[in-house]
Amino acid sequence: MHRTPRCSGRALTCPGHGASPDRDNRSLRIQGAGRAVVKSIRQRPLAWAAPLGLGLAGCAGDTSILDPAGPAARDVALVWWGMLAFFTLVFVALVVLWLYTFRGGSRPERSAEDERRIGRHWILGGGILLPGVTIVVLLAWGVPAGQHMLPLPIGKPPMVIEVVGHQWWWEVRYPDAEGGEVVTANQLVMPVGEPVDFHVTGADVIHAFWIPRLGGKIDMIPGRINRIRLEAEVPGVFGAQCAEFCGAQHANMRLHVEAMPREEVEAWLAARRPEPAPTPEHAEAREHFREHCADCHRVAGVSEGDVGPDLSDIGVRATLGAGVMAMQEGAIADWLRHHQAYKPGNRMPAHDDIDAETLEAIGAWLETLQP
Ligand code: HEC
Ligand SMILES: [Cu+2]
């Protein structure tokens with residue numbers, strides 16, 4: 001059977017294939033498609049703007065890198081805008097070239113040598129020079145931006161906050177708190193207007209620490225401590241999110257970050273130290289907690305478990321389950337009964353063996369834990 005040789009892509013250089021009707025049809029079809037795109041952009045610019053608008057809707061909110069609240073994040077956002085502008089230029093130039101190939105009229109006569117020379121220019125210019133310059137510019141700009149997040153020595157050593165990623169929650173420690181280490185979970189309080197060094201690691205698998213409005217991110221690797229320096233320039237609440245896939249509930253691993261003046265942070269830390277106020281009316285609930293929960297959870301003065309989050313200040317947290325539910329009256333009991341439905345597969349066993357009334361009582365007691 002006769003077979004036509006494979007075409008290299010340039011109809012005119014294919015021996016015995018130049019005038020193939022197949023090819024002509026195909027290039028006509030492509031040409032038609034190109035014209036159709038141009039026509040539809042001209043006729044309905046709004047239809048093209050809608051998806052763009054939807055995309056831009058992701059640019060606001062408490063985890064937006066495009067709404068920086070600190071120097072490190074601003075550097076990252078600038079690099080991002082620079083890349084967007086430059087690649088938009090490249091994209092537009094390519095589209096213009098592409099549309100240019102659809103122009104009518106005959107091609108100029110060129111010798112094979114000329115064709116090769118022009119081809120070489122495109123390869124050297126577009127294939128080597130352009131990417132080379134792009135990469136050098138990006139590095140010259142991006143490397144110093146990353147450098148700013150390194151915990152290099154500065155005059156006054158910054159506050160250190162240790163963050164440990166667990167499946168699927170955050171352990172947060174303040175080792176230098178006056179009067180002894182303070183531990184909390186799924187919430188992070190930091191001073192505003194000064195750099196803070198975060199020392200991060202993973203307890204089980206690799207997670208990543210990321211406060212998009214402040215900068216980052218950085219991997220949390222078991223057996224290793226990574227450091228990153230971030231600063232919040234404005235007080236407020238920022239979202240943080242695990243940024244390295246770490247299992248089924250990775251998406252439900254949110255951290256509530258709050259930046260406030262240094263004195264308020266000190267007061268917040270001081271308030272966390274004393275043991276919870278005695279609540280005789282919850283004595284029975286506390287006993288149930290000792291029996292069912294103490295192996296995994298710490299409550300200052302009651303238990304020392306360290307498998308799950310420290311619950312010593314659970315009553316004043318903003319969320320439960322690392323952002324799965326908002327904290328409000330009755331929320332803890334609700335979580336205790338249905339946590340495997342709200343966060344399927346999470347590492348706390350279902351409490352099917354404990355009756356609802358007991359869980360209600362434990363929940364009511366935990367809600368009083370407000371240092
Ligand atoms: C086998 C260990 C284990 C036992 C037993 C256990 N928990 Fe947990 N608990 C966990 C883990 C792990 C999490 C984190 C789940 C997540 O968010 O992914 C958790 C989360 C929680 C939370 C939410 C904490 C937060 O910061 O959002 C509460 C409240 C809680 N447990 C209360 C209890 C109570 C009350 C009991 C006893 C009835 C109990 N736990 C028994 C391991 C345990
Ligand atoms: Cu993760």
Side-chain angles (χ1 to χ4, degrees), residues 63 163-172 183-188 200-210 216-222 239-256 276 282 284-299 302-370:
T63 49
V163 188
V164 186
H166 295 256
Q167 282 174 318
W168 288 278
W169 57 279
W170 306 86
E171 175 185 343
V172 181
V183 183
T184 184
N186 296 334
Q187 68 174 350
L188 192 157
V200 308
T201 188
D204 32 39
V205 299
I206 300 178
H207 303 268
F209 178 68
W210 191 29
K217 49 202 173 268
I218 192 157
D219 277 354
M220 315 173 90
I221 302 170
Q241 165 72 47
C242 178
E244 180 75 47
F245 182 72
C246 56
Q249 287 299 331
H250 162 67
N252 282 324
M253 192 168 158
R254 302 258 305 179
L255 175 64
H256 175 96
H282 295 296
E284 206 175 316
R286 215 159 32 233
E287 282 319 305
H288 287 303
F289 181 88
R290 280 208 178 90
E291 181 188 341
H292 297 288
C293 327
D295 285 349
C296 289
H297 290 288
R298 175 172 179 271
V299 169
V302 177
S303 63
E304 287 298 327
D306 62 358
V307 178
D310 190 308
L311 301 178
S312 304
D313 61 0
I314 187 78
V316 290
R317 303 263 197 83
T319 70
L320 280 175
V324 166
M325 342 174 21
M327 185 63 164
Q328 55 193 10
E329 212 185 315
I332 297 186
D334 187 15
W335 161 262
L336 290 177
R337 295 238 298 281
H338 307 296
H339 63 91
Q340 284 299 339
Y342 292 137
K343 197 170 176 179
N346 85 73
R347 294 296 155 92
M348 174 156 76
H351 301 309
D352 297 339
D353 53 328
I354 309 174
D355 59 79
E357 214 173 299
T358 307
L359 290 178
E360 297 277 342
I362 298 177
W365 169 58
L366 289 177
E367 266 165 34
T368 68
L369 298 183
Q370 318 198 341

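For the numbers below, each heavy atom of this structure counts, side chains included, while hydrogens, waters and symmetry mates do not. Note that ligands are numbered from 1 as they come in the structure, with each ligand's atoms numbered from 1 the same way. Treat the numbers as computed from the prediction; the structure is a model and nothing was measured.
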Proximity flag Arg317 to ligand 1, non-hydrogen atoms under 4.0 Å: yes
Evaluate Asn346 for polar contact with ligand 1, using N/O atom pairs at a separation under 3.5 Å. no
Closer than 2.8 Å to atom 8 (Fe) of ligand 1: how many protein N, O or S atoms are there? 2
Say whether His292 and ligand 1 are in contact under the criterion: heavy-atom distance to a ligand atom below 4.0 Å. yes
Within the distance-only criterion (no hydrogens, no angle test), does the side chain of Lys343 pair as donor or acceptor with the backbone N or O of Gly321 below 3.5 angstrom? yes
Between the side chains of Asp310 and His297, does any donor sit under 3.5 Å from an acceptor? no
Taking distance alone, with no angle check, do Asn186 and ligand 1 share an N/O pair under 3.5 Å? yes
Looking only at protein heavy atoms, identify the closest one to atom 41 (C) of ligand 1 and say how far it is in Å. His351 CE1, 3.4 Å
State whether the shortest distance between N or O atoms of Gln167 and N or O atoms of ligand 1 falls below 3.5 angstrom. no
With a 3.5 Å cut-off and sequence neighbours excluded, list the donor-acceptor pairs that the side chains of residues 327-338 form with protein atoms.
residue	atom	partner	partner atom	Å
Asp334	OD1	Tyr342	OH	3.1
Asp334	OD2	Tyr342	OH	3.0
Arg337	NH1	Glu360	OE2	2.9

Between the side chains of His207 and Asp204, does any donor sit under 3.5 Å from an acceptor? yes
What residues form a salt bridge (charged side-chain N to carboxylate O under 4.0 Å, His left out) with Asp313, not counting sequence neighbours? Arg272, Arg317
Measure up the Phe209 and Trp170 rings against each other and bin them: parallel (under 30°), tilted (30 to 60°), perpendicular (over 60°). perpendicular
Anything protein N, O or S sitting under 2.8 Å from the Cu ion (ligand 2): count it and give me the total. 4
